[in-house]
Amino acid sequence: MVTIGIAMLQGARHAHIDAIHRAASEMSLDVETVELRTIEDLQKQPIDGLMLPGGESTVMRLRGNDEASQLLPALFAWMREDEARPVLATCAGAILLADPQDGGVPLVDADIDRNAYGGQVDSFESALDCGFPGIFIRAPRFGEVRDEVVCTLSGEAVGVRRGNRLALTFHPELSEDSRYHRMLLEACA
Ligand code: GLN
């Protein structure tokens, strides 16, 4: 049994829960998803992997640092304990990894620019260079990347990996292809 914690601070949470269960059934793997809202949710039971959804990073920072939650610093601490801990972070989640803004070292080593393709109306779908259907919603854009680039759009990094942490600027949970969620589960299994 693999246990995946989902940061429920804000954003595209439920689509990721569905995508994780779909990926697990493709792999014939037993998976349990745990919804994380507060530091206590993380302390209650150990997780094997972590999912950081997209949404609005500013809202996630506010909610996650709130006295009532304190989830965000706890998640950063969990990740920093070991870079082999599996993490899948998408869009706003990727912003949090590249730019944690907590005075600690970034979780992936890459520059990142919020809303760099424009606003909501500039959201777009475009096949990545690997063929994966990339769905970009008010997406951030990587600048200089000092970790491994794992996927590109017209040659530009849209996925960065450090250890078992994967930061994607697009929304894999909105496509039928569950390869990135399977990668998270494979790293846990
Ligand atoms: N624009 C959002 C941010 O700055 C990210 C968009 C997304 O996660 N779809 O956090």
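Note that the numbering runs from 1 along the sequence shown for the chain. Source: prediction; values computed, not measured. In listed order, ligands and their atoms are each counted from 1.
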Legend entry - Where at least one partner belongs to residues 12-65, residue pairs that pass ring pair (Phe, Tyr, Trp, His ring centres under 6.0 Å), sequence neighbours excluded: His16-His181
Inset, instruction - Provide the full list of ring pair (Phe, Tyr, Trp, His ring centres under 6.0 Å) pairs with a residue in residues 147-175, sequence neighbours left out, each pair given once. - result: Phe132-Phe170, Phe136-Phe170, Phe170-Tyr180
Legend entry - Results of salt bridge (Lys or Arg N to Asp or Glu O under 4.0 Å) for Asp66 - residues two or more places apart only: none
Inset, instruction - Please check if atom CD in Glu176 has more than 12 non-hydrogen atoms from other residues, nucleotides or ligands closer than 6.0 Å. - result: no
Inset, instruction - Indicate yes or no: at least one non-hydrogen side-chain atom of Val34 is less than 4.5 angstrom from one of Asp41. - result: no
N/O contact list for ligand 1, threshold under 3.5 Å:
residue, atom, partner, partner atom, Å
ligand 1, 1 (N), Asn115, OD1, 2.5
ligand 1, 1 (N), Arg138, O, 2.9
ligand 1, 1 (N), Arg138, NH1, 3.4
ligand 1, 4 (O), Arg114, NE, 2.5
ligand 1, 4 (O), Arg114, NH2, 2.9
ligand 1, 8 (O), Gly55, N, 2.8
ligand 1, 8 (O), Gly55, O, 3.0
ligand 1, 8 (O), Ala92, N, 3.0
ligand 1, 9 (N), Ile137, O, 2.9
ligand 1, 9 (N), His171, NE2, 2.9
ligand 1, 10 (O), Ser57, N, 2.7
ligand 1, 10 (O), Ser57, OG, 2.8

Legend entry - Pair Thr3-Gln45, side-chain donor/acceptor within less than 3.5 Å: no
